[in-house]
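Quick caveat, the model's predicted, so the values are computed rather than measured.
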There are 2 protein chains.
Amino acid sequence: MIAAAGDTLVPVFAALADETRWRVLTELGRGDASASALAGRLPVTRQAIAKHLAVLAEAGLVEPVRVGREIRYRPLGSRLDETARALDAIGAEWDRRLAEVKRIAESL
Amino acid sequence: MIAAAGDTLVPVFAALADETRWRVLTELGRGDASASALAGRLPVTRQAIAKHLAVLAEAGLVEPVRVGREIRYRPLGSRLDETARALDAIGAEWDRRLAEVKRIAESL
DNA sequence: GATCGATGCAACTCAAAGGTTGCATCAATT
DNA sequence: AATTGATGCAACCTTTGAGTTGCATCGATC
């Protein structure tokens, strides 16, 4: 089960591993916004924002919503929830193994 | 609160955003191991493994344990737990905002 | 239908990161 | 003390990714 981590999770972590993308996500957390709108609030060009949004969309963290002639992006919590559960499971397994090692060590 | 994500979390995500590091973590999940031991099981050199372990240790995901003349590494669940909780909180906030938007939209 | 604001695509630069080879060093055992 | 297996450091190569500029295109409004 832990081996399945690499399949879908790595792109999500890669998407979350960039400071600028977090600023994008934080802005989107205040309300859906287009690439052009985001470019007005962050110190990077619109094209850079567009690339970041593509990465985030590919990872399933945001969703494009067409509004008139612009495309707004909406943050999706579901993928974050899945990721959180996966991390919880792995962390718990590590802790379980560590506890077992300690138990055996103490029983000597 | 969501702005605090970038401070400690980004290095963790960066550490988890690499396929090889997941293979290292998976191996460590089977039991503590040294860089040399891991190099024997994975298709990369010992130096590459050492770099990965340094990244993982810097992120607080593994911990070095000296055993005789070798240094074994142990996976730590605590940092994963923290990360999972942070993701949960952010995801919940997004969902809350989305629900509110929908509620307002329906009340028109 | 002309215009204006928005997105889309392509080529380019630059720095960071994964990986390698080679050599130095350190600690435990004999 | 000599040896052997392990870690540590440094230089180097190559690929990836963030960011830019420039131009093309598309869609809504006037």
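- Two residues are said to be in side-chain contact when any heavy atoms from C-beta on lie closer than 4.5 Å; B:Leu28 and B:Pro75 meet this criterion.
- Proximity of A:Ser34 to the phosphate of C:dA6: no side-chain N or O atom is located under 4.0 Å from OP1 or OP2.
- B:Arg69 meets the salt bridge (Lys or Arg N to Asp or Glu O under 4.0 Å) test with no other residue; sequence neighbours excluded.
- The distance between atom CZ of A:Arg72 and atom P of C:dA6, rounded to the nearest whole Å, is 11 Å.
- The list of side-chain hydrogen bond (donor to acceptor under 3.5 Å, both in side chains) pairs with a residue in residues 37-66 of chain B, not counting sequence neighbours, reads B:Arg21-B:His52, B:Glu27-B:Arg41.
- Rounded to whole Å, atom P of C:dG18 lies 12 Å from atom CG of B:Leu16.
- Remark: B:Arg96 pairs with B:Glu100 by the salt bridge (Lys or Arg N to Asp or Glu O under 4.0 Å) rule, at least two apart or across chains.
- Taking A:Val65 as the reference, A:Val67, A:Arg74 meet the side-chain contact (heavy atoms from CB on, under 4.5 Å) condition, with sequence neighbours excluded.
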Contact string for nucleotides 17-30 of chain D, one letter per nucleotide 5' to 3', B = base within protein heavy-atom range under 4.0 Å, S = sugar-phosphate only, - = neither, reads -SBBBB----BB--

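- Rounded to a whole Å, the CD1 atom of A:Ile49 is 16 Å from the C1' atom of C:dG8.
- Across all strands shown, A:Ala50 has no heavy atoms under 4.0 Å from either base or sugar-phosphate atoms.
- In this structure B:Arg23 satisfies the salt bridge (Lys or Arg N to Asp or Glu O under 4.0 Å) test with no other residue, sequence neighbours excluded.
- Going from atom CD1 of B:Ile71 over to atom P of D:dC9 covers 10 Å, rounded to whole Å.
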